[in-house]
A.B. asks: 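If you scroll down you'll find the structure; I have some questions about it.
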Amino acid sequence: MALIVEFTVPVSKFALFNTLTAVPDTTLELGRVINTISEDITVYVWARAPDFDALEAAFDEDPSVTSFTVSSETADERSYRMTWKEPIDLLVHIMTHQQGTIIHAANRTNTWALRVSFPERDALAQAQELKDLAQQNEFSLAIRRIYPTDEYRSAQPKLTNSQQESLVRASEAGYFKVPKEVTLVELAEEQGVSHQAMSERIRRGVHHLIEQTLITGGSTDHDEE
């Protein structure tokens with residue numbers, strides 16, 4: 001059974017440090033991080049920022065960012081598909097050496113909080129290896145929790161009726177195609193909700209699907225709105 005380790009590291013020891021320094025009031029949330037056969041790492045980022053022009057200008061100047069595109073947006077939130085360039089030492093160590101998968105990360109005032117799924121190994125050994133890496137590179141790493149993926153799966157919200165309906169309609173209408181064949185506003189008007197509500201449904205729905213199918217293999221539930 002795979003194990004999940006939750007821990008925090010200084011913001012300077014992860015990606016987007018320059019961005020967060022340039023636009024300090026920004027809140028970033030990462031979904032699953034994908035390590036492809038190329039040297040770039042693909043990640044989906046949800047951002048809240050006081051000035052998105054300033055945020056995207058900071059992305060352009062950030063040495064950890066190769067490229068980014070806007071996936072969806074509301075008045076106070078945008079989602080991005082982004083590629084990061086190596087080396088990001090901690091990230092490469094987790095994904096390559098330890099064969100871990102980053103399933104969630106979010107920045108706090110001075111730290112990144114990460115949730116990582118590891119293959120079936122001794123959890124204490126994995127955690128100790130991360131702490132040793134931090135000590136060797138002279139930064140702090142605080143382990144918060146270690147637990148099996150079954151516990152994580154049982155605690156996750158399931159895909160709701162409204163999320164499923166919105167995702168299906170978005171797919172049918174060509175929202176996920178490149179270029180998009182329908183806008184978020186058009187989808188929202190069709191379903192009689194605000195564009196912010198539609199964005200939240202799609203974002204949360206995609207996140208739940210990733211967690212349920214790619215990470216834990218869970219199933220959907222249709223009781224919630």
A.B. asks: Relative to Trp46, does Arg78 satisfy both conditions: NZ or CZ under 6.0 angstrom from the six-membered ring centre, and within 45 degrees of the ring's axis?
C.D. replies: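 The answer is no, since Arg78 fails at least one limit relative to Trp46.
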A.B. asks: Surrounding NZ of Lys131 (heavy atoms of other residues, nucleotides or ligands, distance under 6.0 Å), is the total greater than 12?
C.D. replies: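 Result for NZ/Lys131: open.
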A.B. asks: Would you say the side-chain atoms of Ser79 pair up with the backbone N or O of Ser72, donor to acceptor, closer than 3.5 Å?
C.D. replies: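 The answer is yes, because a donor-acceptor pair under 3.5 Å joins these two groups.
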A.B. asks: Is any side-chain heavy atom of Leu91 closer than 4.5 Å to a side-chain heavy atom of Phe14?
C.D. replies: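 In short, these two side chains touch, coming nearer than 4.5 Å.
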A.B. asks: Apply side-chain contact (heavy atoms from CB on, under 4.5 Å) to the pair Arg144 and Val5, showing each step before the final yes or no.
C.D. replies: CA-CA 8 Å; Arg144 301 302 184 189; Val5 178; over 6 Å; no
A.B. asks: My understanding is that only one of Ile102, Thr8, Leu141 makes a side-chain contact (heavy atoms from CB on, under 4.5 Å) with Leu114; could you say which?
C.D. replies: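 Exactly one pass, corresponding to Ile102.
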A.B. asks: Considering non-hydrogen atoms only, spot the tightest contact between Pro10 and Ser140 and give its length.
C.D. replies: CD-O, 2.9 Å
A.B. asks: Quick check, are the ring centers of Trp112 and Phe7 under 6.0 angstrom apart?
C.D. replies: no
A.B. asks: From Tyr147 OH over to Leu3 CG, what is the distance, rounded to the nearest 0.5 angstrom?
C.D. replies: 10.5 Å
A.B. asks: Please examine the side chains of Tyr175 and Ile202, heavy atoms only from C-beta on, and report whether any two atoms are closer than 4.5 Å.
C.D. replies: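 Ile202 reaches Tyr175 side chain to side chain.
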A.B. asks: Phe118 and Gly100: which non-hydrogen atoms are nearest, and at how many Å?
C.D. replies: CD2-CA, 3.8 Å
A.B. asks: Can any side-chain N or O of Gln136 pair as donor or acceptor with the backbone N or O of Leu133 at less than 3.5 Å?
C.D. replies: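 Pair absent, no side-chain N/O of Gln136 close to backbone of Leu133.
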A.B. asks: Counting C-beta onward and ignoring hydrogens, is there a side-chain heavy-atom pair between Ile4 and Ile146 closer than 4.5 Å?
C.D. replies: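 A side-chain contact under 4.5 Å is absent here.
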A.B. asks: Are any of the side-chain heavy atoms of Glu77 and Glu200 separated by less than 4.5 Å?
C.D. replies: yes
A.B. asks: Output, in order, the C-alpha distance, side-chain angles, deciding distance and verdict of salt bridge (Lys or Arg N to Asp or Glu O under 4.0 Å) for Lys180 and Glu186.
C.D. replies: CA-CA 12 Å; Lys180 296 182 188 298; Glu186 289 170 337; over 6 Å; no
A.B. asks: Could you check whether any side-chain heavy atom of Thr27 comes within less than 4.5 Å of a side-chain heavy atom of Asn107, counting everything from C-beta outward?
C.D. replies: yes
A.B. asks: Residues two or more places apart in sequence or in another chain: which of them pass salt bridge (charged side-chain N to carboxylate O under 4.0 Å, His left out) with Arg169?
C.D. replies: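 Testing Arg169 for salt bridge (charged side-chain N to carboxylate O under 4.0 Å, His left out), a comparison that skips the adjacent residues, returns Glu172, Glu190.
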A.B. asks: Quick check: closest heavy atoms across Asp51 and Ala54, and the distance to 0.1 Å?
C.D. replies: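 What the structure gives for the nearest pair is OD1-N, 3.1 Å.
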A.B. asks: Measure across Met82 and Trp84 and return the closest heavy-atom pair with its distance rounded to 0.1 Å.
C.D. replies: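 So the two residues come closest at SD-NE1, 3.1 Å.
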A.B. asks: Below 4.5 Å, heavy atoms only, C-beta onward: do Gln164 and Val168 meet side chain to side chain?
C.D. replies: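 They are in contact (side-chain heavy atoms under 4.5 Å apart), so the answer is yes.
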A.B. asks: Give the intermediate values and the outcome of side-chain hydrogen bond (donor to acceptor under 3.5 Å, both in side chains) for residues His104 and Glu29.
C.D. replies: CA-CA 7 Å; His104 184 265; Glu29 183 178 352; 3.0 Å; yes
A.B. asks: Can you see which heavy atom on Tyr80 is nearest to which on Ser71, and at what distance?
C.D. replies: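 In terms of heavy atoms, the two residues are closest at C-OG, 3.9 Å.
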A.B. asks: Nearest heavy-atom pair of Lys13 and Leu90: which atoms, and what distance?
C.D. replies: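 The answer is O-CB, 4.0 Å.
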A.B. asks: Kindly compute the distance separating CG (Leu16) from OG (Ser64), expressed to the nearest 0.5 Å.
C.D. replies: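 Leu16 CG to Ser64 OG: 4.5 Å, rounded to 0.5 Å.
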A.B. asks: When rounded to the nearest 0.5 angstrom, what is the spacing between CG in Leu130 and CD in Gln135?
C.D. replies: 13.0 Å
A.B. asks: Counting C-beta onward and ignoring hydrogens, is there a side-chain heavy-atom pair between Thr26 and Val23 closer than 4.5 Å?
C.D. replies: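 SC-SC contact between Thr26 and Val23 confirmed.
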A.B. asks: By the definition side-chain contact (heavy atoms from CB on, under 4.5 Å), identify the one residue from Asp62, Asp60, Val45 that meets it with Phe68.
C.D. replies: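 Considering Asp62, Asp60, Val45, a side-chain contact (heavy atoms from CB on, under 4.5 Å) with Phe68 is found only for Asp60.
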A.B. asks: To the closest 0.5 Å, what do you measure between CD (Glu56) and OG1 (Thr19)?
C.D. replies: 10.5 Å
A.B. asks: Does Val65 reach the side chain of Thr83, with side-chain heavy atoms less than 4.5 Å apart?
C.D. replies: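 The answer is no, as the side chains (C-beta and beyond) never meet within the 4.5 Å cut-off.
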A.B. asks: So, taking the atom named CG in Leu55 and the one named CG in Asp25, what distance separates them when rounded to the nearest 0.5 Å?
C.D. replies: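 It comes to 11.5 Å.
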A.B. asks: Keeping the roles fixed (side chain from Thr21, backbone from Phe17), state whether a donor-acceptor pair exists under 3.5 Å.
C.D. replies: yes
A.B. asks: Taking the side chain from Ser166 and the backbone from Arg201, do they hold a donor-acceptor pair closer than 3.5 Å?
C.D. replies: no
A.B. asks: In the single-linkage hydrophobic clustering (I, L, V, M, F, W, Y; side-chain heavy atoms under 4.5 Å), do Val185 and Leu187 co-cluster?
C.D. replies: no
